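No experiment lies behind these values; they were computed from the predicted model shown. Protein chains get the first letters and strands the later ones, always in sequence-line order, with residue 1 at the start of each.
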Number of protein chains: 2
Amino acid sequence: MKTIEQLLESKNIRVTAMRLLIYKFLAEKQVAVTLSDIENAFEKADRTTLYRTVKTFEEKAIVHQIDDGTGITKYALCEKGCNCEIETDLHLHFHCNNCNVTICLTEHKIPQIKVPDGFISEDINLVIKGVCDKCSGL
Amino acid sequence: MKTIEQLLESKNIRVTAMRLLIYKFLAEKQVAVTLSDIENAFEKADRTTLYRTVKTFEEKAIVHQIDDGTGITKYALCEKGCNCEIETDLHLHFHCNNCNVTICLTEHKIPQIKVPDGFISEDINLVIKGVCDKCSGL
DNA sequence: TTATAAATGCACTTCCGTTGCATTGTATTT
DNA sequence: AAATACAATGCAACGGAAGTGCATTTATAA
Ligand SMILES: [Mn+2]
Ligand SMILES: [Mn+2]
Ligand SMILES: [Zn+2]
Ligand SMILES: [Zn+2]
């Protein structure tokens with residue numbers, strides 16, 4: 001089991017207090033978070049620092065960005081072993097219309113989609129909207 | 001073959017010069033357009049009017065909104081016979097990373113996606129990014 | 001024609017993402 | 001340990017796009 005420090009070092013980015021805190025925050029959350037979510041969790045930190053920290057994490061494939069259609073960018077930790085640098089991790093994302101939460105369905109990979117002749121598929125974004133397990137009561 | 005006037009009347013919205021122009025503009029385009037695209041095409045018209053016209057078209061299921069992940073909302077005419085009011089028309093959208101164009105693949109419906117127990121799927125957004133037929137040269 | 005409601009135009013606001021630049025902090029070299 | 005080099009942080013400001021309030025114009029109906 002790698003420590004967070006070791007993870008950051010392995011990605012060649014400096015270990016700083018802020019980065020450790022933000023990583024831990026993301027790790028605790030089971031859901032995708034917005035920049036504002038992080039901002040609210042660390043009121044003392046500057047928005048820009050949080051923004052750039054997340055961007056750095058993204059570049060280094062520590063987190064991935066999620067566009068769930070709400071218009072607000074969300075972020076979630078990558079799975080261990082995911083290789084976002086090379087190709088997108090093609091799991092589904094689910095957005096709950098009731099509690100407004102967005103989660104990674106990492107177990108559910110996006111099926112192969114056939115595109116018309118002449119088109120080349122490089123990346124796929126699939127977001128399902130509906131009611132989540134917590135809200136459906138099923 | 002319905003005229004545009006008849007279409008608008010059938011949806012219970014007034015036929016105005018602006019609406020006819022915007023409809024024709026959308027009909028000519030084979031690709032999804034942004035509000036800015038429309039703005040540039042009709043420099044004399046006010047942005048708000050264009051914005052509200054498109055919103056009206058959307059409510060009446062004349063156009064549908066497309067979130068292609070670029071962060072800028074795009075719009076395209078609905079197919080005749082689509083029933084966006086009741087349920088989303090589940091066709092794919094393709095975004096070309098080269099020419100930056102987004103198009104409706106109306107013939108390509110989104111396959112059935114299995115969601116985990118307890119989750120209820122109400123709507124699906126599927127965007128494929130890559131190289132379009134015009135750009136691929138295939 | 002007049003009354004009623006919808007469409008349009010202008011101004012303004014809000015929100016998110018993003019950048020420039022000065023300052024602080026960390027690591028490396030001498 | 002001190003000096004150097006570079007990365008991280010904080011503050012301020014910007015830009016684009018979406019959205020709203022309100023006055024004015026235009027279309028429909030009485
Ligand atoms: Mn995810
Ligand atoms: Mn479409
Ligand atoms: Zn929910
Ligand atoms: Zn193209």
Side-chain angles (χ1 to χ4, degrees), chain A residues 4-26 32-60 62-76 95 100 102, chain B residues 4-26 32-60 62-76 95 100 102:
Chain A
I4 307 173
E5 284 86 346
Q6 287 169 334
L7 172 69
L8 296 181
E9 278 162 9
S10 75
K11 302 276 185 177
N12 289 312
I13 59 173
R14 289 191 184 164
V15 178
T16 69
M18 209 60 245
R19 286 176 178 167
L20 290 172
L21 285 170
I22 293 175
Y23 187 97
K24 280 175 196 157
F25 176 73
L26 290 166
V33 301
T34 66
L35 197 61
S36 298
D37 291 335
I38 305 176
E39 217 180 325
N40 294 334
F42 303 99
E43 298 196 359
K44 286 196 287 188
D46 185 76
R47 246 178 83 70
T48 314
T49 304
L50 304 175
Y51 171 74
R52 284 199 263 237
T53 300
V54 172
K55 281 285 158 200
T56 302
F57 282 3
E58 199 188 342
E59 281 162 22
K60 300 292 181 175
I62 294 169
V63 306
H64 61 282
Q65 195 174 329
I66 302 160
D67 174 12
D68 62 7
T70 58
I72 301 163
T73 308
K74 296 192 176 145
Y75 304 91
H95 177 76
N100 206 37
T102 297
Chain B
I4 307 174
E5 285 87 347
Q6 286 169 335
L7 172 69
L8 297 181
E9 278 161 8
S10 75
K11 301 277 186 176
N12 289 311
I13 59 173
R14 289 189 184 167
V15 178
T16 69
M18 210 59 246
R19 285 175 181 169
L20 290 172
L21 285 170
I22 293 176
Y23 187 96
K24 280 174 196 159
F25 177 74
L26 291 166
V33 302
T34 66
L35 199 59
S36 298
D37 291 335
I38 305 177
E39 216 180 324
N40 295 333
F42 303 99
E43 298 195 0
K44 287 196 289 188
D46 184 76
R47 245 194 56 253
T48 314
T49 304
L50 304 174
Y51 171 75
R52 285 199 264 237
T53 299
V54 172
K55 282 286 159 200
T56 302
F57 282 2
E58 200 189 342
E59 281 162 22
K60 300 291 181 174
I62 294 169
V63 307
H64 61 282
Q65 194 174 327
I66 302 160
D67 174 13
D68 63 7
T70 58
I72 301 163
T73 308
K74 295 190 176 144
Y75 303 92
H95 178 76
N100 205 37
T102 297

Do any side-chain atoms of residues 36-47 of chain B form donor-acceptor pairs under 3.5 angstrom with protein atoms, and if so which ones, sequence neighbours left out?
residue: B/Asp37; atom: OD1; partner: B/Thr34; partner atom: OG1; Å: 3.4
residue: B/Asp37; atom: OD2; partner: B/Thr34; partner atom: N; Å: 2.9
residue: B/Asp37; atom: OD2; partner: B/Thr34; partner atom: OG1; Å: 3.2
residue: B/Asn40; atom: ND2; partner: B/Ser36; partner atom: O; Å: 3.2
residue: B/Asp46; atom: OD2; partner: B/Thr48; partner atom: N; Å: 2.9
residue: B/Asp46; atom: OD2; partner: B/Thr48; partner atom: OG1; Å: 2.9

Practice item. Respond yes when some side-chain nitrogen or oxygen of A/Thr53 is under 4.0 Å from OP1 or OP2 of D/dT9, and no when none is. Key: yes

Review point. C/dT18 phosphate, OP1 or OP2: any side-chain N/O from A/Lys55 under 4.0 angstrom?
Key: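 For C/dT18, OP1/OP2 do have a side-chain N/O of A/Lys55 under 4.0 Å.
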
Going by heavy atoms in the side chains, are [X] and [Y] under 4.5 Å from each other?
X: B/Ile62; Y: B/Ile13; answer: yes
X: A/Leu8; Y: A/Leu20; answer: yes
X: B/Lys55; Y: B/Gln65; answer: yes
X: A/Met18; Y: A/Leu50; answer: yes
X: A/Arg19; Y: A/Phe57; answer: yes

Point to revise | Within residues 62-75 of chain B: residues closer than 4.0 Å to DNA chain D (heavy atoms) | key: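 By residue number: B/Ile72, B/Thr73.
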
Give the rounded distance in Å between these two atoms: [atom1] of [X] and [atom2] of [N].
X: A/Asn12; N: C/dT26; atom1: CG; atom2: P; answer: 19 Å
X: A/Leu35; N: C/dG17; atom1: CG; atom2: P; answer: 6 Å
X: A/Asp46; N: C/dT19; atom1: CG; atom2: P; answer: 15 Å
X: A/Glu43; N: D/dC11; atom1: CD; atom2: P; answer: 14 Å
X: B/Leu50; N: C/dA7; atom1: CG; atom2: P; answer: 15 Å
X: B/Glu59; N: C/dA7; atom1: CD; atom2: P; answer: 10 Å
X: A/Glu39; N: D/dG10; atom1: CD; atom2: P; answer: 12 Å
X: A/Glu9; N: C/dA27; atom1: CD; atom2: C1'; answer: 12 Å

**Study point:** Option among B/Ile72, B/Thr73, B/Asp67 that satisfies the side-chain contact (heavy atoms from CB on, under 4.5 Å) test with B/Thr70
**Key:**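 Only one of B/Ile72, B/Thr73, B/Asp67 forms a side-chain contact (heavy atoms from CB on, under 4.5 Å) with B/Thr70, namely B/Ile72.
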
Practice item. First locate atom CD1 of B/Ile22, then atom CD1 of B/Ile4, and finally report the distance between them rounded to the nearest 0.5 Å. Key: 11.5 Å

Taking only nitrogen or oxygen atoms into account, show me every contact under 3.5 Å that the protein makes with nucleotides 20-25 of chain C, one pair per line with its distance.
residue: C/dG20; atom: O6; partner: A/Arg52; partner atom: NH2; Å: 3.0

Check your understanding: With respect to the side chain of B/Ser36, which nucleotide from D/dA17, D/dG10, C/dG9 is positioned closest?
Key -> D/dA17

Revision key, fill the gap. By nearest-nucleotide position on DNA chain D, the 5'-leaning member of B/Thr16 and A/Arg47 is A/Arg47

Practice item. Classify the nucleic acid contact of A/Thr49 as base, sugar-phosphate or nothing, counting any heavy atom under 4.0 Å across all strands shown. Key: base

Point to revise | A/Lys74 (side chain) donor-acceptor with A/Ala32 (main chain) under 3.5 angstrom | key: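 Judged by distance alone, no pair lies under 3.5 Å.
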
